[in-house]
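The structure displayed is predicted, hence computed values, not measured ones.
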Amino acid sequence: MPLVAGADFGTLSVRVTIMDTQSGEIRGSASAGYPLHRDPADPLVARQSHDDQMEALCRAMRQAIDAAGIEGGQIAAFAADTTGSSVIPLDERLQPLADYYLWCDHTAHAEAAEITARAREDGIEAIDWCGGTYSHEWGYSKLLHFLRHNPGLRGRVATAAENCDMIAATLCGITSPADMPRSICAMGHKWMWGERWGGLPPQEFLSRVDPLLDGINDRITGRWGHSLQQAGRLGTDWAGRMGLAAGIPLPFGAFDAHWDAVGTGCAAGDVVNVVGTSTCIIALADPASGPVPGICGAVPGSVVPGVIGVEAGQSATGDLFEAIARRAGTDVASLCAGLEDYGPGASGLMRLPWDNGDRTVLVRPDLGGITLGWDLAHGPADEMHAAIEGMALHVSLIIDRMRSGGAEFTRVINAGGIPQKNDVLNQIYADVLQREVHVPQRSPVGVGACIFAAMAAGAFPDLATAQAAMCPPMRVFAPRPERAAAYAELSGMFRDVYQAFGAGEPCDLGRVLPTLRRFRLGH
């Protein structure tokens, strides 16, 4: 059985993992960082260089090969996932005209609002399948923002690409927009693409949003495929830079959270919380389930063929925990020490975790974090506990929204980098959701990429067999039934406050602070 390699491109670094497909052992791994370009004058800006990413990939791959103690030529296939929607404008030779608009770049909020309004007015079916609201984090919004703000480059824009597709095209030596590999994961969730309505949304609709988008769909061309299909083969130049053999296969790429979910062993009926700097929530729903208002898209085959991939998320999770710790002059682990002794609502605080806006279900980047119930004795540990509870309460709300489309879920998995090192979070999630929470015993980051590389190499007959061989075992956090009633009350109040502040719905705010005080005093 062969060795394979996978790369996971995150916000600040790329991690390369080399796995033995027979034993499921990680033979070596390494990461390399790259800058994130922010603008002190505009906190919504987040850009990143393609060249920086590729240089880091080569460094990380060579370091991983050294760590594994192997020759690079032993690696039979390579696969890469990335953040998304991270969009780059390209010329006719697929050379970058600017940096990526990274997933966390929120400058295109006005463009997103215009796309949403026009799609609703025109009755575009695709808007229903991406939750009813087009996001400032997604493809057309970011491309339109680029066209509006870079008039000198408009005439050179031959196409635009998602990060995962650009990585695959670059490594395979693809230089024509007509040959660009287009991941249905990326295009379905972020560009309103769907087989149901014949591909991309109508050009007439886009042109009515802004004439700058005239003819844009004729430039979003290429080959469309899912992650079990081959994007191409590794070119000689990049093989030499990475220390690999030329000609090994690469599958179509996808978003990091979708492949991380596969790396946990997820199957139909699972919900996976990929908890990192933000949280991406991936669910595998029955093909008969329908669109869901407020989620980030329901796309057939976006995670695995044969089921609908449903995506939702939280715009800041680990980032929020880090911010609380930084303000307190300490670290997250220190603030979480002892929180296992807190009961439901014991801090007396309720936190709406909107510090980077709301991704699901309100899709509002203009919201800010709220903490209710402060008194003079509160400290940063109390805020941390409230933040973790707020995340769990928000996840409960998101799962309920997903189920409203007809999807049913039997298992919750906490994946990403944070759950392996924060048992307090896992237990609170189990108690709030009143479901078992399954946590991989080691991080599944990179495992999903290796699984799809293994499939490209022909190492397994099907995805389930590959997952059984390569995914890490699970720990299980059981819900504590004695906490169910308290969290049911807090969940109801959280929902009311969430809708009141976020959507202007009526709410008896007069009951909120006395209820929180009652929980703080243990009554």
Side-chain angles (χ1 to χ4, degrees), residues 5-19 26-40 43-68 72 75 78-88 96 98-106 137 161-168 170-171 238 241-244 253-257 259-260 263 274-280 315-323 325-326 331-333 356 415-418 420-421 442-450:
D8 179 273
F9 284 84
T11 305
L12 298 175
S13 64
V14 59
R15 172 165 291 278
V16 169
T17 303
I18 298 172
M19 293 189 71
I26 294 178
R27 294 285 297 273
S29 67
S31 63
Y34 32 69
L36 173 62
H37 303 300
R38 292 284 194 179
D39 183 349
L44 302 182
V45 171
R47 309 286 162 83
Q48 201 156 78
S49 162
H50 175 67
D51 288 345
D52 286 348
Q53 286 193 354
M54 296 305 296
E55 189 275 332
L57 172 63
C58 293
R59 278 192 288 125
M61 178 62 76
R62 288 187 172 276
Q63 291 169 10
I65 290 170
D66 288 344
I75 294 173
F78 173 75
D81 60 57
T82 70
T83 64
S85 185
S86 294
V87 179
I88 192 164
D99 285 348
Y100 288 103
Y101 276 56
L102 210 64
W103 70 272
C104 50
D105 186 297
H106 291 173
E137 293 187 359
E162 283 288 340
N163 200 165
C164 61
D165 295 333
M166 183 60 177
I167 296 294
T170 300
L171 292 176
W238 286 103
R241 296 191 203 187
M242 296 168 70
L244 301 177
F255 292 151
D256 48 4
W259 278 11
D260 285 349
V274 183
V275 187
T277 56
S278 64
T279 293
C280 193
S315 295
T317 307
D319 276 351
L320 174 55
F321 301 155
E322 291 288 347
R326 184 173 61 252
D331 57 65
V332 174
N356 197 26
I418 289 178
Q420 277 73 38
K421 54 190 178 186
R442 54 179 169 78
S443 174
V445 173
V447 174
C450 287

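Listed by chain and number, the residues in a ring-ring contact (aromatic ring centres under 6.0 Å, His included) with Tyr101 are His145 (sequence neighbours excluded). Ala323 is linked by a side chain to side chain contact (heavy atoms under 4.5 Å, CB included) to Arg326, Arg327, counting only residues two or more places apart in sequence or in another chain. Taking the side chain to side chain contact (heavy atoms under 4.5 Å, CB included) definition, one finds that Arg15 meets it with Thr17, Ser29, Ser31, sequence neighbours left out. When the salt bridge (charged side-chain N to carboxylate O under 4.0 Å, His left out) test is applied to Glu55, the partners found at least two apart in sequence or on another chain are Arg59. For the side chain to side chain contact (heavy atoms under 4.5 Å, CB included) test, residues two or more places apart in sequence or in another chain that qualify with Asp99 are His37, Arg47, Ser49. Here Ser278 pairs with Trp103, Arg359 under the side chain to side chain contact (heavy atoms under 4.5 Å, CB included) rule; sequence neighbours left out.
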Could you check Asp105 against Val87 for side-chain contact (heavy atoms from CB on, under 4.5 Å), going step by step and ending with a plain yes or no? CA-CA 10 Å; Asp105 186 297; Val87 179; over 6 Å; no
Side chain to side chain donor-acceptor pair (under 3.5 Å) between Thr170 and His50, worked out: CA-CA 10 Å; Thr170 300; His50 175 67; 3.2 Å; yes
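Of all the heavy atoms in Arg62 and Gly243, the pair that sits closest is NH2-N, 3.6 Å. In this structure, Trp259 and Ala254 approach most closely via the heavy-atom pair NE1-CB, 3.2 Å. The shortest heavy-atom contact between Leu57 and Ala7 is CD1-CB, 3.9 Å. When every heavy atom of Pro444 is checked against every heavy atom of Gln420, the shortest pair comes out as CD-NE2, 4.0 Å. Taking each heavy atom of Ala32 and Ala56 in turn, the nearest pair found is CB-O, 3.4 Å. Minimum interatomic distance between Trp238 and Cys58 (heavy atoms only, all atoms of both residues): CZ3-SG, 3.6 Å.
At least one side-chain heavy atom of Arg442 sits less than 4.5 Å from a side-chain heavy atom of Val447. Side-chain contact between Ile65 and Leu244 is present, with heavy atoms from C-beta onward closer than 4.5 Å. No side-chain heavy atom of Val332 sits less than 4.5 Å from a side-chain heavy atom of Lys421. Side-chain contact check for Arg38 versus Pro43: every heavy-atom pair is 4.5 Å or farther apart.
A distance of 4.0 Å separates CD1 in Ile75 from CD1 in Ile18, rounded to the nearest 0.5 Å. Separating the CG atom in Leu36 from the OG atom in Ser13 is a distance of 11.5 Å, to the nearest 0.5 Å. The OG1 atom of Thr83 sits 6.0 Å away from atom CG of Asp256, with the distance rounded to the nearest 0.5 Å. The structure places CZ of Phe9 at 12.0 Å from CG of Leu102, a figure rounded to the nearest 0.5 Å. Distance check, rounded to the nearest 0.5 Å: OG1 of Thr82 to CE of Met166 gives 12.0 Å. The CG atom of Asp165 lies 12.0 Å from the CD1 atom of Ile88; values are rounded to the nearest 0.5 Å.
Not a single donor-acceptor pair under 3.5 Å links the side chain of Asp52 to the backbone N or O of Tyr34. The closest donor-acceptor contact from the side chain of Gln48 to the backbone of Thr11 lies under 3.5 Å.
Judged purely by distance below 3.5 Å, without hydrogens or angles, the side chains of Gln53 and Asn163 pair a donor atom with an acceptor atom.
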